[in-house]
Amino acid sequence: MATEPPPLDRITALVRFRRYRLRLHAVRHMLEEGFEENHIIEALTGRGNRVLEHYPDQQRCLVLGTCALGAKTRLHLHVVCDYSNPEVLDIVTAYVPQPPWWVSPTRRGQKR
């Protein structure tokens, strides 16, 4: 029996082959917070990205990545991915981690 690749490998491969769908919640955060689809893609495929939280029962995970907003400005992005469909990745939501829900890009703050 073949072992399934780690979620980040699978996510990165699907994104690189443009086999993903942006869900409405992700688009809403893009509009509200001022980032674009290419920033999400960079966060998911760039160096230093990592899975912060993995929900294997739901086949979802929270990925932390960074993207360039300009020549000198990098932005941390959180991207929730649903990889339950082997053919296409659903980008459920993406957002900038910020207080009070996040103390830092890697550490949760208070619950909603």
Side-chain angles (χ1 to χ4, degrees):
M1 183 172 170
T3 60
E4 190 160 330
L8 195 54
D9 291 346
R10 186 168 169 195
I11 287 166
T12 301
L14 288 168
V15 171
R16 286 199 171 124
F17 286 109
R18 303 196 58 79
R19 305 286 304 165
Y20 65 86
R21 299 181 288 214
L22 281 177
R23 297 318 224 176
L24 184 57
H25 203 258
V27 173
R28 190 179 94 212
H29 277 280
M30 287 168 46
L31 295 171
E32 290 174 359
E33 298 180 37
F35 58 90
E36 299 174 357
E37 181 177 346
N38 62 304
H39 297 126
I40 295 172
I41 301 314
E42 183 180 354
L44 288 174
T45 60
R47 294 180 94 153
N49 64 351
R50 63 184 172 133
V51 174
L52 278 184
E53 297 176 0
H54 187 209
Y55 321 109
D57 293 345
Q58 300 172 356
Q59 293 189 338
R60 286 186 176 195
C61 61
L62 171 62
V63 177
L64 167 63
T66 61
C67 61
L69 288 183
K72 296 182 181 181
T73 306
R74 295 211 54 88
L75 176 71
H76 286 97
L77 275 182
H78 282 181
V79 185
V80 176
C81 300
D82 181 323
Y83 58 91
S84 60
N85 182 334
E87 301 297 320
V88 66
L89 177 73
D90 281 312
I91 297 172
V92 177
T93 193
Y95 57 90
V96 177
Q98 51 194 322
W101 302 282
W102 290 90
V103 175
S104 73
T106 59
R107 199 169 122 226
R108 282 193 180 272
Q110 66 186 40
K111 300 278 185 186
R112 283 190 176 194

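Computed over heavy atoms, backbone and side chain alike; hydrogens, waters and symmetry mates excluded.
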**OP:** Kindly determine whether Y20 and I11 satisfy side-chain contact (heavy atoms from CB on, under 4.5 Å), including the steps that lead there.
**Re:** CA-CA 9 Å; Y20 65 86; I11 287 166; over 6 Å; no
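Here the closest non-hydrogen pair linking S84 and Q59 is CA-OE1, 2.7 Å. Here the closest heavy-atom approach between residue H29 and residue F35 is recorded as O-CE2, 3.7 Å. Of all heavy-atom pairs spanning G109 and V103, the tightest one is CA-CG2, 3.6 Å. Scanning both residues, P105 and P97, for their nearest heavy atoms gives CA-CG, 4.0 Å. In terms of heavy-atom proximity, R19 sits nearest to E87 at NE-O, 3.0 Å. Minimum interatomic distance between P86 and R10 (heavy atoms only, all atoms of both residues): CA-NH2, 3.1 Å.
Note that CD of Q58 is 8.5 Å distant from CG of D82, once rounded to the nearest 0.5 Å. The structure places NE2 of H39 at 7.5 Å from CG of L75, a figure rounded to the nearest 0.5 Å. Taken from CG in N38 to SG in C67, the straight-line distance is 8.0 Å, to the nearest 0.5 Å. In this structure, H54 NE2 and C81 SG are separated by 10.5 Å, a value rounded to the nearest 0.5 Å. Between R21 atom CZ and R23 atom CZ the span is 4.5 Å, to the nearest 0.5 Å. Remark: E37 CD to I91 CD1 distance equals 7.0 Å, nearest 0.5 Å.
Put simply, the side chain of L62 does not reach to within 4.5 Å of the side chain of V51, judged on heavy atoms. Contact check for T106 versus R50: side-chain heavy atoms found under the 4.5 Å cut-off. Taking the side chain as every heavy atom from C-beta outward, V80 and H25 never approach each other to under 4.5 Å. The shortest side-chain heavy-atom distance between E42 and R74 falls under the 4.5 Å cut-off.
No path of Ile, Leu, Val, Met, Phe, Trp and Tyr side chains, each step under 4.5 Å between heavy atoms, connects V88 with V15, placing them in separate hydrophobic clusters. Both L31 and L22 are members of a single hydrophobic cluster when ILVMFWY side chains are connected at heavy-atom separations under 4.5 Å. Tracing side-chain contacts under 4.5 Å through hydrophobic residues (I, L, V, M, F, W, Y), one reaches W101 starting from Y95; they form part of the same cluster.
For the pair D90 (side chain) and V92 (backbone), a donor-acceptor distance under 3.5 Å is absent. Side-chain atoms of R16 come within 3.5 Å of backbone atoms of T45 as a donor-acceptor pair (strictly under, hydrogens ignored).
Remark: N49 engages L8, T12, V63 in a side-chain contact (heavy atoms from CB on, under 4.5 Å) (not counting sequence neighbours).
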